[in-house]
**Student:** 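Just passing along the structure, written as structure tokens.
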Number of protein chains: 2
Amino acid sequence: MAEDAPRRRSTLDEVAELAGVSRSVASRALNNAPHVSRAKREAVERAVRRLGYVPDTTARALATRQTGVAALVVSGEDPSIFADPFFAQVIVGASGALEEADLHLMLCLAASDRGRKRVEELLRSKGADGVMLMALREDDPLIRTAEEAAMPVVFGGRPIGPAPRWYVDVDNVGGAREATEYLVSRGRTRVAAICGRLDTEAGRARYRGYRDAVLAAGLDPFPPYEGDFTEPSGAAAMASLLADRPEVDGVFAANDNMGAGALRTLREAGRAVPGDVAVVGFDDLTVARIADPPLTTVRQPIQALGREMARMLIALVNGQDPTPLLLPTRLVVRASA
Amino acid sequence: MAEDAPRRRSTLDEVAELAGVSRSVASRALNNAPHVSRAKREAVERAVRRLGYVPDTTARALATRQTGVAALVVSGEDPSIFADPFFAQVIVGASGALEEADLHLMLCLAASDRGRKRVEELLRSKGADGVMLMALREDDPLIRTAEEAAMPVVFGGRPIGPAPRWYVDVDNVGGAREATEYLVSRGRTRVAAICGRLDTEAGRARYRGYRDAVLAAGLDPFPPYEGDFTEPSGAAAMASLLADRPEVDGVFAANDNMGAGALRTLREAGRAVPGDVAVVGFDDLTVARIADPPLTTVRQPIQALGREMARMLIALVNGQDPTPLLLPTRLVVRASA
DNA sequence: CCCGAGGCTGGAAGCGCTTCCAGTACCTAC
DNA sequence: GTAGGTACTGGAAGCGCTTCCAGCCTCGGG
């Protein structure tokens, strides 16, 4: 490699020698552990400064059996799932919490076969101290792998099936119910749902919440119009919805992207929003505010989701046994409903 | 920790013993290096399967002096910069390329002081094989740190000041010029720029491109109306622009977020787009398509940016000396101009 | 004045893997 | 029958750090 400075990195031995102490003492001083006299501690500090010494992460990891790394795995069948700004928010939250515990964040997009295989290896190779798992689909092979992992695993959003031992999730059912109730309370009587992928728990739970609310109001639920959480899929779902049931006057979209897509289709179809059709989204990401009209939506605390996942993982790494968390949602009313 | 299986992970020694070979042979077999007879190679493979052996990443890293990790550092003064979907696309691109080289991606948000300090440590602690640096501002302390790093560094987007040795950038000047020329070619004569932060090279370069084009057309450039690449900042910049120079009939926004913000302000001010004011953005992210009207914009190949950064880094790690790259942009015409 | 209790100290044994090198065994060519 | 390969093999020395532990010194109390 085109390196210029052939300057070798200094080692703890050199620090110890320069400070006139043994390596053990130098090590203890560095980690400010007890059993080091004030004088030697200072001598070591001086030597560290003079040499510009920085401990070798790898060597330390080998000796302590701790990598100082937490992995965030985003599953899905296609890397573009990660383009959803949702994940960026999760990362901001997680990153902050990990920073406090001095852990680094490793990001794994387990979208390709290759990617999934590498995650599997990671989970078994002690390459991280723990893992956060997100966006798992039904029968995702990672679920099994996680059970056999050599490290703690926290789920972000429950997968379909039996709830894992440690997870942080959002109250999807409650949020969807609230959104739908709101539509009903504004006099809408033909309320449909554009739901997310039904092979994800979030997709199902939000449809369930919608359905509960519609039934509770004594109305007839629409069948699910399924999208994949992207804007075009929302537009397409809205189009078939409009074709099947032109009388629709309210739409609950399972996320803002699809809500924005629905808005676009409605605009193109000449339907006024909220005049003819009221629309509610889910997430409260930037797109909800940018949409025209701005989208009434269910805000979920996405950064908090990331933060709590990280905190839960940290607790596990520290040998504690935290309890699963369900984060609340809140309806944010804007112009679209 | 609440672990159930006290099953210790098996080591290479155990594999070797079970296979009836020495540890050296087992190691060679594992890495399919030469000098292992067919018979022993198979014996080792069998033992690996029986034990469910997976090599310890850390130990391997210590022995080989390679971590198998590439870091992506996103600078900025506030973690929310990462919320820009731009970075998600970079990550998708980089992740794919790293996957091919079997490197893991470590993501560092160097936004807080703490975060920056950790990045500095990372760069000096041999915690990764190389680093990709993005979103540096003027006089960002990371620039210096990078120069002294113990590993290869690739810049994503040049920082302000002398160009680094290895970088991948997008032709910001050319893209901005093309956008502005397009506005002029549509008959706009009072064309302004809502520019990004002028303490970033991208912000400056795009303003430069705008200015060049306006001057070349024999028109008067507007002073920069500065935003910070977010939607609200674009809306605010548009508002002051409108207040200062109500005669404006064309706007080049330095990214789509700000373009969307401008659109919102114009709508609220009752100006028709593109009738009264034409708007062009930059990036071509989802928001450009969602905006109303859909935003004419300069598409930059963001995933390719990530991919090429990763490839360049891989080349460096492999001891090659790649050359910097400038990626082209392309105008995408939609309804807003 | 002696003894035990602390407080420090540094030698040494790892952590689990790679890799150099000195062999050993077995052939082929002379 | 011997020299000189070729093809493996495994012992041993690391990689740079943490940590156990036996030993030393010092000091106060009896």
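Quick caveat: nothing in here was measured; it's all calculated off a predicted structure. Just so it is clear: chains get the letters A, B, ... in the order the sequence lines come, proteins before strands, and each one is counted from 1.
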**Student:** Answer yes or no: is there an ion pair linking A:E308 with A:R311, defined by an N-O contact shorter than 4.0 Å?
**Tutor:** yes

**Student:** Within the structure shown, what part of the strands sits under 4.0 Å from B:P34 by heavy-atom distance: base, sugar-phosphate, or nothing?
**Tutor:** nothing

**Student:** Quick one: which of C:dG10, C:dC17, C:dC15 gets closest to the side chain of A:L62?
**Tutor:** C:dC15

**Student:** A:S27 near the nucleic acid: base, sugar-phosphate alone, or nothing, with a heavy-atom cut-off under 4.0 Å?
**Tutor:** base

**Student:** At 4.0 Å (heavy atoms only), tell me whether A:S37 reaches a base, stays on the sugar-phosphate, or touches nothing.
**Tutor:** sugar-phosphate

**Student:** Closer than 4.0 angstrom, basic N to acidic O: yes or no for B:E45 and B:R49?
**Tutor:** no

**Student:** Report yes if at least one side-chain N or O of B:R60 is closer than 4.0 Å to OP1 or OP2 of C:dT18; otherwise report no.
**Tutor:** yes

**Student:** B:D56 has a side chain; which of D:dT9, D:dG16, C:dG16 sits nearest to it?
**Tutor:** C:dG16

**Student:** Where along residues 39-53 of chain A does a heavy atom fall under 4.0 Å from DNA chain C?
**Tutor:** A:K40

**Student:** Taking atom types as modelled, find out whether A:E99 and B:S112 have a side-chain donor-acceptor pair closer than 3.5 angstrom.
**Tutor:** yes

**Student:** Pick base, sugar-phosphate or nothing for A:S24, based on heavy-atom distances below 4.0 Å to the nucleic acid.
**Tutor:** base

**Student:** Angle, rounded to 10°, between the helical axes spanning five pairs at each terminus of the helix from C:dC1-D:dG30 to C:dC30-D:dG1?
**Tutor:** 50°

**Student:** Among D:dG16, D:dT18, C:dG16, which nucleotide sits nearest the side chain of B:T11?
**Tutor:** C:dG16

**Student:** Please determine whether a side-chain nitrogen of the Lys or Arg among A:E148 and A:R144 lies less than 4.0 Å from a carboxylate oxygen of the Asp or Glu.
**Tutor:** yes

**Student:** Given D:dT9, D:dC17, D:dC15, identify the nucleotide with an atom nearest to the side chain of B:V25.
**Tutor:** D:dT9

**Student:** With a 4.0 Å cut-off, would you call A:D56 and B:R65 a salt bridge?
**Tutor:** yes

